[in-house]
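Computation of the quantities below employed the complete heavy-atom set of this structure, encompassing side-chain atoms and omitting hydrogens, waters and symmetry-equivalent molecules.
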Amino acid sequence: MRWLFLLVAGVAGTLTVALATARAQPGPRPAPPAAALLTGRILHPTAATVVLEYGTDWLSGEGTHRLAARLTPTGAFRLPVPAAALGAVWLYHGQEYTPLYLAKGDAPRLIFDARYLDETIRYTGVGASTSNYLAQHYRRFEDDDVYEATPVAKASGFTAGQMRAYTDAYRHRQTAFLDSFARRHPLPPAFRAYARRAIDYGWANDLQLYPMAQMLNQRARRAAAPAPLPASYFDFQALLPLANDSALANEPYRSYLASYLHQHNLADSLLRPGGAPFAAIVRRLGPGRCADYAVAQLLYDKLETDGPGFVGPLLPAYQRYAHDSAFVRTVRRRYRRLLPLQPGRLAPDFTLRDEADQPVSLHDFRGKVVYLDFWASWCGPCVAEVPATARLRQQFAGREVVFLAVSIDQQPAAWRKALDRLNLRAPNARHLIDPHTFDAASLRAYEVRGVPTYWLIGRDGRIVQGNAPRPSDSEKATAALEGALAH
């Protein structure tokens, strides 16, 4: 299974499948005192260890700490958990992972078959109920097998009224499941509040994303403009507090806050002169961690869409303003990572396998303009770009442009089926695979946080544009390619 979040893609007004990347920290760490104890047994293990990831950075999605326990020959493990890891965390085994929740004094014991983790995972012991709830909720409402039934997945085919009715019903189903589970398996009050906030803000975020889903559908299919939204459509925003420091630990709340900022064009406030670029956001949210996070999220998104050149001048003001220095550090770290990927720098080279299992390198295309596309067959927004990509390829047929698509599908068979099903082959297209999903080396080299992502590389192998226009933004994509060919 894959850990997917639908997030707002900056000022582009489209949806992107964002990848939350787990990376181990270098060097051993001394073991802190245990606040909880996780034990268990894995049937038919696919790796030698289990790994607990915690301290996820809310802006980057990267886990900041990992604890590993080696399996015994019978698949058993014992993992003391420090106080810093309490709360919502993720457990990894091989390519599989599952959410769990730990409180002080908990000692849950889990068991699952690694071949069918979602279907078989069960917890017993002290604190088992919270993790059993998360695992069952994930299977019913969040994992890939049920994605097509989620409100966001269906949004492009709904009217505004249908979207509200379906999203309300989806929220009701989740709330009913929480209440039913809590009657049978008592949940701590703090956890119930956490779970309910996740449902409520997930509901609000689905409704918030509806206009963007409609816009994506229109661009990808060149369809007629969607009908104007009723004046009352956004009334749901008044039903939940916008600034909610207690909800910051909930990913659905953070996604809702990000989509709200985008819907109200608050990113534009960063451009206003006068020495107070964050004033509009603080007026909307009030001073505090929510505002600190909101500004950091906008700056982080601007790094993706506009690059370090835009964000650099704003960093000193944000560092003076922000109450939470951890957000400042994350933005600055991202800023430093993106500096080497600016226009005019040499594009990072890579060598991957093509359909015939032959090695192909980026430098093989020197002398041609490369329109580089990172994608995956399971990515809905990626597949939505296929018709526009075909038109763009045809438009530049016979010219010195290569459409280089790098799939991060974990299963090569699924990738090859997608090439056939979507009719992706063309004389001016090349298809490669980097089958490591979240940890694909090519994604890391380009600091890619989500798919689809496009890059434009010149004949000399230097970056022309990162975050290049999508094929569905046909006028901008055509102009960008023509400009690269002219140099």
Side-chain angles (χ1 to χ4, degrees), residues 1-5 7 17-40 42 45-71 77-104 106-110 112 114 117-118 121 123 127-128 130-135 137-139 142-144 191 194 198 248-252 254-255 326-327 329-330 333-334 408 410 436-441 443-444 448-450:
M1 61 184 172
R2 310 173 188 92
W3 182 9
L4 309 182
F5 297 124
L7 302 178
V17 176
L19 308 180
T21 320
R23 296 178 190 166
Q25 299 299 300
R29 295 176 178 271
L37 178 65
L38 179 66
T39 60
I42 300 175
T46 58
T49 62
V50 293
V51 176
L52 187 76
E53 181 185 288
Y54 66 97
T56 299
D57 186 290
W58 294 341
L59 297 175
S60 70
E62 296 180 7
T64 55
H65 302 291
R66 306 184 99 198
L67 297 172
R70 183 166 292 277
L71 302 183
F77 70 91
R78 185 178 187 274
L79 188 60
V81 178
L86 299 180
V89 294
W90 290 86
L91 187 75
Y92 291 80
H93 175 69
Q95 298 296 321
E96 298 291 332
Y97 43 93
T98 185
L100 64 154
Y101 189 96
L102 295 168
K104 186 175 181 179
D106 282 354
R109 175 176 172 79
L110 69 82
F112 64 81
L117 185 149
D118 289 344
I121 188 164
Y123 295 84
T130 54
S131 292
N132 276 327
Y133 168 80
L134 285 181
H137 184 277
Y138 189 90
R139 183 182 176 192
E142 297 176 70
D143 80 6
D144 288 356
F191 178 81
Y194 170 89
L248 270 173
N250 287 82
E251 188 277 328
R254 299 193 302 272
S255 293
F327 295 147
R329 287 195 299 271
T330 297
R333 184 168 61 247
R334 184 71 175 147
I408 58 168
Q410 192 175 10
H436 301 286
T437 313
F438 307 128
D439 205 34
L443 261 68
R444 295 202 311 272
V448 171
R449 294 296 187 217

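- Side-chain atoms of R254 come within 3.5 Å of backbone atoms of L248 as a donor-acceptor pair (strictly under, hydrogens ignored).
- Rounded to the nearest 0.5 angstrom, D118 CG and D143 CG are separated by 5.0 Å.
- Rounding to the nearest 0.5 Å places OG of S131 at 7.5 Å from CZ of F191.
- Contact detail for A249 and W58: the closest heavy-atom pair is CA-CZ2, 3.8 Å.
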Salt bridge (Lys or Arg N to Asp or Glu O under 4.0 Å) between D57 and R334, intermediate numbers included:
CA-CA 12 Å; D57 186 290; R334 184 71 175 147; over 6 Å; no

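- No more than 12 heavy-atom neighbours from other residues, nucleotides or ligands sit within 6.0 angstrom of CZ on R70.
- Annotation for P80 and A34: closest pair CB-CB, 3.8 Å, computed over non-hydrogen atoms.
- Remark: L38 CG to R109 CZ distance equals 10.0 Å, nearest 0.5 Å.
- Side-chain N or O atoms of T49 include none that pairs as donor or acceptor with a backbone N or O of A69 at under 3.5 Å.
- The nearest pair of heavy atoms linking G94 to T46 is CA-OG1, 4.1 Å.
- Distance NE2/H65 to OG1/T56: 10.0 Å, rounded to 0.5 Å.
- Here the CG atom belonging to L52 is positioned 10.0 Å from the CZ atom belonging to R66, to the nearest 0.5 angstrom.
- Residues L102 and P108 meet the side-chain proximity criterion, which asks for heavy atoms closer than 4.5 Å.
- Residues satisfying the side chain to side chain donor-acceptor pair (under 3.5 Å) criterion with R139, sequence neighbours excluded, are absent altogether.
- The aromatic rings of Y101 and Y194 sit tilted, their planes meeting at an angle between 30° and 60°.
- In this structure, L71 and A47 approach most closely via the heavy-atom pair CD1-O, 3.5 Å.
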Check against side chain to side chain contact (heavy atoms under 4.5 Å, CB included), H93 and I42
CA-CA 9 Å; H93 175 69; I42 300 175; 3.7 Å; yes

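- The two residues Y123 and P99 make their nearest non-hydrogen contact at OH-O, 3.9 Å.
- Residue L110 is tested with T98, L100, L91 for a side chain to side chain contact (heavy atoms under 4.5 Å, CB included); the sole match is L91.
- In this structure, CG in L79 is found 9.5 Å from OG1 in T39, a value given to the nearest 0.5 Å.
- In terms of modelled atom types and a separation under 3.5 Å, the side chain of T330 and the main chain of L59 share no donor-acceptor contact.
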